[in-house]
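The next block holds one structure in the form of structure tokens; read it before the comments.
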Number of protein chains: 2
Amino acid sequence: MTTIRDVAKAAGVSVATASRALNGMTNVTRPTRERIEAAARKLDYVPHSGARSLTRQRTDTIGVVLPDLFGEFFSEMIRGIDLVVHAAGKTLLLGNMHGSAVETGQALRTMRGRVDGLLVMPPDSSAETIPDALLRDIPTVLLSAGAENGTIPFVTVDNYAGAKLVTEHLIDCGARRILHLAGPQSNRDAGERERGFRDVLRARLGQDEPLVLPGDFHEEAGREAARRLLHEELEYDAVFAGNDMMAVGLMAELRDAGIEAGRDILVAGFDDIPLARYVTPQLTTAHSDIMRLGSSAARLLLQAMGGEQKGPTDSLVIKPTLAVRGSTCKIDREKRD
Amino acid sequence: MTTIRDVAKAAGVSVATASRALNGMTNVTRPTRERIEAAARKLDYVPHSGARSLTRQRTDTIGVVLPDLFGEFFSEMIRGIDLVVHAAGKTLLLGNMHGSAVETGQALRTMRGRVDGLLVMPPDSSAETIPDALLRDIPTVLLSAGAENGTIPFVTVDNYAGAKLVTEHLIDCGARRILHLAGPQSNRDAGERERGFRDVLRARLGQDEPLVLPGDFHEEAGREAARRLLHEELEYDAVFAGNDMMAVGLMAELRDAGIEAGRDILVAGFDDIPLARYVTPQLTTAHSDIMRLGSSAARLLLQAMGGEQKGPTDSLVIKPTLAVRGSTCKIDREKRD
DNA sequence: TTGAAAGCGGTACCAA
DNA sequence: TTGGTACCGCTTTCAA
């Protein structure tokens, strides 16, 4: 592979001059520059970004570490991030921590020296898995993490408020026996959603111990819940699923059994992934602008990288809105905010 | 940020010894190693991957450059890639070229010195946009590119065969006036699909000039096509969309006008993205195992990086199968292969 | 087993 | 305007 030294030699100049010419500095005479550029072209020179970033002390790269790369939620998030990162002329380095805390730490460590800033969505929504060393030296913004994280700014959806919105809506539609299909135990978002659900049920219906089924945010958990509903002949008139994927799985499975959401039972989800509009009936859900979540986080990070001090106070909490669709009643379609 | 020098100093050894200890080499005495490890822990040492890869001459990173990061197609592809890359203990560096050839070249250049291998999906499915210098020095596998690319191995779907499968199926279902909603002009995949469509129409129905509407693989193009169908009162009994997203858009728009796919008109797509099963009616499509496409490409690349000579002959062409669902007739459900 | 030192491929400072 | 050169942080010979 040709290096800048080869180019310099071919052009009969020092590496210093070659570097200057190639980087568009003005203090190089026309003819010299042209000789260098010609040589670079002829030798097919491509600078070694690794070496460059070592001396420059910056990489022009943003690292993103997510618990999973798959599915619409992350896909949209990445899109939002990419949008602003790309506009800022920087590159995205995507890491996947595959859900485990150990792997998270590992993934994050390898980021050192390859990125100037970090966008992290911790598996359990807490920053504990992030090595302190990194936090001290690399500007970091947490995605979808709680306020308890101390000193790191974060961007998140107000899960509690969203869950309340959805639950209220189900009750407004006449539901009285409402089941919640929860997300992963350790996940803070899931916890907040469940808390919102419980609080509303207590306040509005005086129910202190509503039925909450365990789930994991994946489609199959929704199907599983549907099967339990059927086999155990549980008499519920509404289900609030912890996220859309589970709601979709649940609806599909119920449908196979001849039970139609929106007619025989009300179903609502959370997130408003694109898919929510395509299923039949369309899914009522707490709408969060996921893409915006990603781009806001990226923007916050860029500011922090620009030297601005950013702390938890700069954090952004996005309030979800209620998107009423066919899977529940439509009585309060006007109620959206 | 603490460097290996700090650690060495704190442990009272040379950087060489520190490096050896930290990298698990055996030629370090127990006590020395323990002193070094203690120092590293105390100082919160995280190695600088950039510097390390500069000397090591490898990065343990695979670069992936796609025309877009959004949507289920890419999402699944990335999942497939990540699966094998992660299993191989390597990191993913994701780049987005935002569709343009210039940006592609740019994105690829910045990969130099940051990755050991490259997975590229060129915007027009041709390798021309890839700088020669990179191709010579970085093992590369093309995603979804044609055989015409010369010397680079690639992994692709047999678009022509898939399109024929779908078109045959529509005819078998009784369709005689079939419309094709094409993908982007410059896209080779799209071109192959259109070619398959045309060939079957000519062979089976003797139609030499079927109607082909322009599209771009996005949902809105499907909706637009539906609107044309409605307003211009085009009398067609089937639509073969160049990909699922467009088919989905088309079905949704037709449905709003009271026209039901599978009943009033037959609709088929291509790709079999997860969404295809969720829409109502479910979408008939050419099923390609996109995830497998990604993982196969990654596997091929890893082999090439391992020193094995890989050329176009090692390329993998995946034959799609027909997935018959509710958006078309079901007469030949058994015909799947 | 350990240390000194030479790079890896650039950038940028200091002189000339 | 140019060139010489000292790093950036780490790995890896080569000697000791």
Side-chain angles (χ1 to χ4, degrees), chain A residues 1-37 39-40 43-61 109-116 133-134 137-138, chain B residues 1-37 39-40 43-61 109-116 133-134 137-138:
Chain A
M1 179 55 93
T2 72
T3 76
I4 198 169
R5 270 169 245 274
D6 300 323
V7 176
K9 199 172 299 172
V13 297
S14 71
V15 289
T17 308
S19 173
R20 273 171 245 155
L22 264 12
N23 285 299
M25 322 236 80
T26 52
N27 50 354
V28 183
T29 49
R30 260 292 276 290
T32 315
R33 150 168 288 121
E34 280 167 3
R35 273 211 324 284
I36 295 172
E37 283 171 349
L43 296 177
D44 241 342
Y45 172 69
V46 178
H48 187 291
S49 336
R52 162 181 282 178
S53 58
L54 188 56
T55 61
R56 280 222 187 147
Q57 299 287 53
R58 32 174 266 257
T59 61
D60 291 324
T61 299
R109 299 178 94 77
T110 68
M111 290 289 174
R112 154 101 217 271
R114 336 179 84 166
V115 304
D116 299 333
L134 296 181
D137 297 332
I138 307 182
Chain B
M1 178 54 94
T2 74
T3 74
I4 197 170
R5 263 170 255 275
D6 302 323
V7 176
K9 198 172 299 172
V13 296
S14 71
V15 289
T17 307
S19 171
R20 283 186 283 249
L22 264 12
N23 285 298
M25 322 235 82
T26 52
N27 50 354
V28 182
T29 48
R30 261 292 275 289
T32 315
R33 148 168 289 119
E34 280 167 3
R35 276 214 320 286
I36 295 171
E37 283 170 350
L43 296 177
D44 240 344
Y45 172 68
V46 178
H48 187 290
S49 333
R52 162 180 282 180
S53 57
L54 189 56
T55 61
R56 280 222 187 146
Q57 298 288 56
R58 33 173 265 257
T59 60
D60 291 323
T61 299
R109 300 177 92 79
T110 67
M111 290 290 173
R112 155 98 217 273
R114 333 178 88 164
V115 304
D116 300 333
L134 296 181
D137 299 331
I138 307 181

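Everything numeric here is computed off the predicted structure, so don't read it as measured data. Convention: sequence-line order gives letters A, B, ...; per-chain numbering from 1.
- By the 4.5 Å heavy-atom criterion applied to side chains, B:I36 and B:V7 are counted as neighbours.
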Could you walk me through whether A:M1 and A:H48 pass side-chain contact (heavy atoms from CB on, under 4.5 Å), step by step? CA-CA 10 Å; A:M1 179 55 93; A:H48 187 291; over 6 Å; no
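- Within the structure, a side-chain polar atom (N or O) of B:T17 is placed less than 4.0 Å from OP1 or OP2 of C:dG3.
- Close to D:dT11, at under 4.0 Å from its OP1 or OP2, lies no side-chain N or O of B:T55.
- Residue side chain A:R56 does not reach the base of C:dG10 through any donor-acceptor N/O pair under 3.5 Å, judged by distance alone.
- Atoms CD1 (B:I36) and P (C:dT1) sit 13 Å apart, rounded to a whole Å.
- The separation between A:I4 atom CD1 and D:dC7 atom P is 20 Å, rounded to whole Å.
- Of the candidates D:dT2, D:dC10, C:dA5, the closest approach to any side-chain atom of B:T3 belongs to D:dC10.
- Atom pair A:R114:CZ and D:dC10:P shows a separation of 14 Å (rounding to whole Å applied).
- Considering only the side chain of A:R20, D:dG4 comes nearest among C:dC8, D:dC10, D:dG4.
- Heavy-atom distances to DNA chain C give each of A:Y45 and B:V28 a nearest nucleotide, and the one nearer the 5′ end belongs to B:V28.
- Note on B:R33: nothing from the nucleic acid sits closer than 4.0 angstrom, heavy atoms only.
- If you check D:dT12, C:dG3, C:dC8 against the side chain of B:V13, the one that comes closest is C:dG3.
- As rounded to whole Å, 15 Å separates atom P of D:dT1 from atom CZ of A:R35.
- In this entry the distance linking CE of A:M25 with P of C:dC13 reads 10 Å, nearest Å.
- Contact check, B:R52 against D:dT11: a side-chain N or O comes under 4.0 Å of OP1 or OP2.
- Applying the 4.0 Å criterion to OP1 and OP2 of D:dG3, one finds that A:R5 has every side-chain N and O outside that range.
- Within 4.0 Å (heavy atoms only), A:S53 reaches no atom of the nucleic acid at all.
- Across all strands shown, A:V15 has heavy atoms under 4.0 Å from base atoms, whether or not it also approaches the sugar-phosphate.
- At whole-Å resolution of the value, CG in A:L54 and P in C:dT11 are 11 Å apart.
- Distance, A:L22 CG to C:dG9 P: 16 Å, rounded to whole Å.
- Whole-Å rounding puts the A:Q57 CD to C:dG10 C1' distance at 12 Å.
- Between B:T32 and C:dT1 there is no side-chain polar atom (N or O) within less than 4.0 angstrom of OP1 or OP2.
- Side-chain nitrogen and oxygen atoms of B:S14 include none within less than 4.0 Å of the OP1 or OP2 phosphate oxygen of C:dT2.
- The backbone N or O of B:T26 sits nowhere less than 3.5 Å from a side-chain atom of B:R33 that would complete a donor-acceptor pair.
- Counting heavy atoms from C-beta on, the side chains of A:E34 and A:R30 come closer than 4.5 Å.
- For the 3.5 Å distance criterion, the side chains of B:R114 and A:S53 fail to qualify, holding no donor opposite an acceptor.
- One finds a side-chain N or O of B:N23 lying less than 4.0 angstrom from the OP1 or OP2 phosphate oxygen of D:dT11.
- You'll find the side chain of B:V13 reaches within 4.5 Å of the side chain of B:R35, heavy atoms only.
- The A:A16 side chain lies nearest to D:dT5 when the options are D:dT2, D:dT5, D:dG9.
- For B:T29, taking side-chain heavy atoms from C-beta onward, the closest of the listed nucleotides D:dG9, D:dC10, C:dT1 is C:dT1.
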